[in-house]
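Heads up: the structure comes next, in structure tokens.
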Protein chains: 2
Amino acid sequence: MASIKDVALRAGVSVATVSRALSGKGKVSAASRESVARAARDLGYVLSYNASSLASGRSRNIGIVVPTISRWYFANVLQGATQELNERGYDLTLYNTSGEQRHRDAVFQDLLMRQRLDAVITVTLKLTAPELHQLRAVGKPLVALGGLLPEVSTIRVDDFNIASLATEHLLSLGHTKIAFLGGTDVFNVDFNLPAARLDGFEYALDQAEIAVNPQWLLDADFTTAGAYQKVRSLLSNPRGRPTALLCASDEMAFGAIMAARDLGLSLPGDFSVIGIDGHELGELYGLTTIAQHPAAQGEAAVARIMELLGEDGADEPAGTPPADEFFPTEFVLRTSTAPPA
Amino acid sequence: MASIKDVALRAGVSVATVSRALSGKGKVSAASRESVARAARDLGYVLSYNASSLASGRSRNIGIVVPTISRWYFANVLQGATQELNERGYDLTLYNTSGEQRHRDAVFQDLLMRQRLDAVITVTLKLTAPELHQLRAVGKPLVALGGLLPEVSTIRVDDFNIASLATEHLLSLGHTKIAFLGGTDVFNVDFNLPAARLDGFEYALDQAEIAVNPQWLLDADFTTAGAYQKVRSLLSNPRGRPTALLCASDEMAFGAIMAARDLGLSLPGDFSVIGIDGHELGELYGLTTIAQHPAAQGEAAVARIMELLGEDGADEPAGTPPADEFFPTEFVLRTSTAPPA
DNA sequence: ACCAAAAGTGGAAGCGTTTCCATTCGATCC
DNA sequence: GGATCGAATGGAAACGCTTCCACTTTTGGT
């Protein structure tokens, strides 16, 4: 494997000059730069990230911690983040905290610490105090996506507002009997998220002076199948059913729609459903929803990281990073909501 | 940040001994081992992977290249692979070739080469000759998941057989008018996969001496929405419709089922659908399918890598790695298939 | 022409490990 | 009881870079 020495030899310059020429930092004459480039190409040289990182303290590698991969939101965040990072020539090291607790511990105690990372992105993760402390101890930039961690640069949507907006939509259509399908904390994700959405829902009903029916406050596991079960039994209740339902995720909304159909209800005539997410399948289901854009969130998280690393292309940190604005969302009106019969 | 020197100092031994004590390699007295352990704990010491990799040539980091993340199969492969790697104390660096060509090139030309990786797993990737050459040049173990790369240790399911099995199921129910919904190569994935499934389909029909109706050979993009469109127009054709459909993926099968329902067909009475994949949602849809287990495949790929690295726990490579057996799949009978009316 | 500043360059000191080698020292063997 | 062996250890040389520093040329201003 060719090393920088070989390149230096072949180019007839010093190792120091090769390093400068290849990294673009420092002064190098056009001639040297040229011959170094040729030598490197001839030798098929690529620099050793390890050696480079060791010497410079920067690794061009950022870590991302997710609670699971195989759900829509997370897969799309990853998709956005990898693209953006590859674009900038960074590597992405993936940590998955799902599964046994000891794996999660291992991630925080060891893997993240090995100073192989320039920064860390956490996605919708509810960190324990020690874990947060661990992360802080690494001393690297930290960006939280979706959760809100104390004193950590955070990118997230306004869950409260989204839910209340969605609820207002149903109210404005004339619904008064509205149910809510939230989620339980299956993946150790930040519990704040489902909670904020529930709060938003209750707030909107409250504003409309409609009492919340506790029977109609449901929890599922954020999966389509789980939602199906819950909604099916909700709608089978002989003692009256709601005319509309707000689901805390689109994937659950799909289950709700399927359940309603299987029971012979006609949608949206007999039953309106609104989701939150902006899942691609929403279009097929005709699902009215509030779209967030997870891939864009992944990209934004990377951009924020780059700011913190002073790599945003512009010169150094332009003051404080944009404070905690909320990530934009979008109301998508389709055919799953209509006035009650 | 505490370094190995600090630990050595505090433990009252040499740096060399600390290294041996911590790695467990070489002879170290119980006493030294003990005091090193204590010193390390007190100092909150974790070793620098970069320095360690540089010195030893091993990085405990493996790379995985996927064509996209946000589809069921890939997300689940990743899920399995990350778990298994974390389990073994390895890091996982993720490369995503979706998006612009130049990103893909960047991945193969630079990122993968930086000798930061002990091994590489490619998932359902159709590599070009130069790309394969690049990978070979790294000189690290390489395992292909899902594709078949010349002379590369490969883990994959028997696509041909799966498709013919699925087709035989439909035949055995008495269907003769059977359509096939395959996929086009949207993500630069190995084209061999859809092709093999189509071959299996045609083979089975051939065995049954049934002519393939070219009108009923469809292509979609492996998405639910894409399949919905195709199948909807297939079933709307006034000049006769098939009574059964084999879909090359479950996600497409869902779209097919929705299309059929939206057209007022009753399933499986009027129309049988069988999928391939084993998607969780299959249960909700009542989809008969042939399940592969992507998470298990991810784990298997990691296990294979570990064998190649001589890390399987057992002593050194036990002969040749298990030749190219096919990864097991499973026929799952549900309610989407029945004899034709 | 003359001098100061800028440009270009090489030497060498790290960066934090691993590992080879040599050394010491009880323990074991006839 | 001296030679021999293995266990335990430390010194020091890599590993392949980056970067500080000092030095030599250019350059540009006057």
Side-chain angles (χ1 to χ4, degrees), chain A residues 1-37 39-40 43-61 89 91 110 113-118 138-140, chain B residues 1-37 39-40 43-61 89 91 110 113-118 138-140:
Chain A
M1 190 104 291
S3 85
I4 197 172
K5 267 190 197 163
D6 306 313
V7 178
L9 222 57
R10 187 173 235 268
V13 297
S14 75
V15 166
T17 298
V18 173
S19 176
R20 280 185 292 249
L22 257 26
S23 70
K25 305 181 177 178
K27 308 290 174 187
V28 182
S29 71
S32 307
R33 188 184 313 281
E34 160 66 17
S35 68
V36 166
L43 267 47
Y45 168 79
V46 290
L47 69 68
S48 156
Y49 260 31
N50 281 320
S52 175
S53 303
L54 181 57
S56 70
R58 267 162 281 116
S59 61
R60 295 191 82 76
N61 186 206
D91 278 359
D110 285 0
M113 308 276 112
R114 317 260 195 193
Q115 17 214 322
R116 194 188 257 169
L117 269 28
D118 283 347
V138 198
K140 304 287 185 181
Chain B
M1 190 105 290
S3 86
I4 198 172
K5 267 189 198 163
D6 306 313
V7 178
L9 221 57
R10 188 173 232 268
V13 298
S14 74
V15 165
T17 298
V18 173
S19 176
R20 281 185 291 249
L22 257 26
S23 70
K25 304 180 177 177
K27 308 289 176 189
V28 182
S29 72
S32 307
R33 187 184 314 281
E34 161 67 15
S35 68
V36 166
L43 268 48
Y45 168 79
V46 290
L47 68 66
S48 157
Y49 262 31
N50 281 320
S52 176
S53 303
L54 180 57
S56 71
R58 268 162 280 115
S59 62
R60 296 190 80 77
N61 185 207
D91 277 358
D110 285 1
M113 309 276 113
R114 318 258 196 193
Q115 21 213 317
R116 195 189 257 169
L117 269 28
D118 283 347
V138 198
K140 306 285 185 181

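Hydrogens, waters and symmetry mates are skipped; everything else that's a heavy atom, side chains included, is used. Here is how names work: the chains are called A, B, and so on, in the same order as the sequence lines, proteins then strands, and each is numbered from 1.
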Using a heavy-atom cut-off of under 4.0 Å over every strand shown, decide if [X] touches base, sugar-phosphate, or nothing.
{"X": "B:S19", "answer": "base"}
{"X": "B:S56", "answer": "sugar-phosphate"}
{"X": "A:Y45", "answer": "sugar-phosphate"}

Closest heavy-atom pair, B:D118 versus B:R60, reported as atoms and distance to 0.1 Å, is OD2-N, 2.8 Å
Closest contact, heavy atoms only, A:S59 versus A:S53: CA-OG, 3.3 Å
One should read off an interatomic distance between B:I4 CD1 and B:Y45 OH, to the nearest 0.5 angstrom, of 4.5 Å
Determine whether B:V18 and B:V13 make a side-chain contact, defined as any pair of heavy atoms from C-beta on separated by less than 4.5 Å. yes
Between A:R10 and A:L43, is any pair of side-chain heavy atoms under 4.5 Å apart? yes
Rounded to whole angstrom units, what separation is found between the [atom1] atom of [X] and the [atom2] atom of [N]?
{"X": "A:N50", "N": "C:dG16", "atom1": "CG", "atom2": "P", "value": "14 Å"}
{"X": "B:I4", "N": "C:dC15", "atom1": "CD1", "atom2": "P", "value": "14 Å"}
{"X": "A:L54", "N": "C:dT18", "atom1": "CG", "atom2": "P", "value": "12 Å"}
{"X": "B:R60", "N": "C:dG16", "atom1": "CZ", "atom2": "P", "value": "21 Å"}

Using modelled atom types and a 3.5 Å cut-off, is there a donor and acceptor pairing between side-chain atoms of A:R116 and backbone atoms of B:Y49? no
Polar side-chain atom of B:S35 near backbone of B:S32 as donor-acceptor pair, under 3.5 Å: yes
Under the rule for salt bridge (Lys or Arg N to Asp or Glu O under 4.0 Å), what residues qualify as partners of A:R20, not counting sequence neighbours? none
Identify each atom pair where a protein N or O and an N or O of nucleotides 7-10 of chain C are less than 3.5 Å apart, giving names and distance.
from, atom 1, to, atom 2, distance (Å)
C:dT9, OP1, A:S29, OG, 3.2
C:dT9, OP1, A:S32, OG, 2.7
C:dT9, OP2, A:S29, N, 2.9
C:dT9, OP2, A:S29, OG, 3.1
C:dT9, OP2, A:S32, OG, 2.9
C:dG10, OP2, A:S14, N, 2.7
C:dG10, OP2, A:S14, OG, 3.0
C:dG10, OP2, A:T17, OG1, 2.8
C:dG10, N7, A:R20, NH2, 2.9
C:dG10, O6, A:R20, NH1, 3.2

Going 5' to 3' along DNA chain D, which nucleotides are the first and last within contact of chain A (any atom under 4.0 Å from a heavy atom)? D:dG16 to D:dC20
